[in-house]
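Before any comments, here is the structure.
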Amino acid sequence: MSIKKSNSFTDSVADKLGYAYGLNDIADCLIRTNLPDSALNYVWKAIRIGEDLKDTLSLAFSIGTLGELYLVRKDYDKAKPFLITSLLY
């Protein structure tokens with residue numbers, strides 16, 4: 001199953017929190033397979049859902065993933081505030 005097909009399927013799922021975690025997991029997998037640019041959209045979507053739901057745990061995970069993404073890109077100045085923020089949730 002392709003990522004696009006999987007994303008289309010999860011768009012119809014009522015469980016928004018599960019959706020946010022799924023998006024974050026996809027982003028994490030893309031980062032770990034050296035595709036951080038592809039992960040960016042997924043992680044920001046997960047962050048927006050976490051903000052809408054006011055779920056601090058999903059926000060901590062997603063913001064931490066965003067920090068990891070910038071670490072992989074060697075953009076340490078962008079990574080630092082996201083990593084610190086994820087620890088404060």
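We're numbering straight along the sequence, starting at 1.
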Handout entry: Same apolar cluster (I L V M F W Y, side chains within < 4.5 Å links), I63/L57
Key = no
Fill in the blank from the handout: CG of L40 to CG of L35, rounded to nearest 0.5 Å, is 12.5 Å
Handout entry: Side-chain donor-acceptor contact under 3.5 Å, K80 with Y70
Key = no
Fill in the blank from the handout: All heavy atoms of N24 vs all of S62, minimum pair found to be OD1-CA, 3.2 Å
Handout entry: Crowding at CG, D52 (>12 non-hydrogen neighbours, <6.0 Å)
Key = yes
Practice task
Would you check if D15 and Y19 make a side-chain contact, meaning some heavy-atom pair closer than 4.5 Å?
Solution key: no
Handout entry: Side-chain ion pair, R32 and D28, N-O less than 4.0 Å
Key = yes
Practice task
Heavy atoms only: give me the nearest K16-I49 pair and the separation to one decimal.
Solution key: O-CG2, 3.4 Å
Contacts table for residues 81-89: side-chain donor-acceptor under 3.5 angstrom, sequence neighbours left out:
residue : atom : partner : partner atom : Å
T85     : OG1  : P81     : O            : 2.7
S86     : OG   : L83     : O            : 2.8

Exercise for the section: Report whether I47 and Y42 are members of the same hydrophobic cluster (ILVMFWY, side-chain heavy atoms less than 4.5 Å apart, transitive linking). Expected result: no
Problem - Check: V43 and L23 side chains under 4.5 Å, non-hydrogen atoms - result: no
Exercise for the section: Would you indicate whether the side-chain heavy atoms of Y76 and K74 approach each other to under 4.5 Å? Expected result: yes
Completion exercise
Between the OG1 atom in T56 and the CZ atom in F61, the distance rounded to the nearest 0.5 Å is 10.5 Å
Handout entry: Minimum heavy-atom distance between A39 and I31, given as atom pair plus value
Key = CB-CG1, 3.8 Å
Exercise for the section: Heavy atoms only: give me the nearest S58-Y21 pair and the separation to one decimal. Expected result: N-OH, 3.4 Å
Practice task
Could you grab the distance from atom CG of L59 to atom CG of L66, nearest 0.5 Å is fine?
Solution key: 11.5 Å
Problem - Qualifying residues under side chain to side chain donor-acceptor pair (under 3.5 Å), relative to R73, sequence neighbours excluded - result: D37
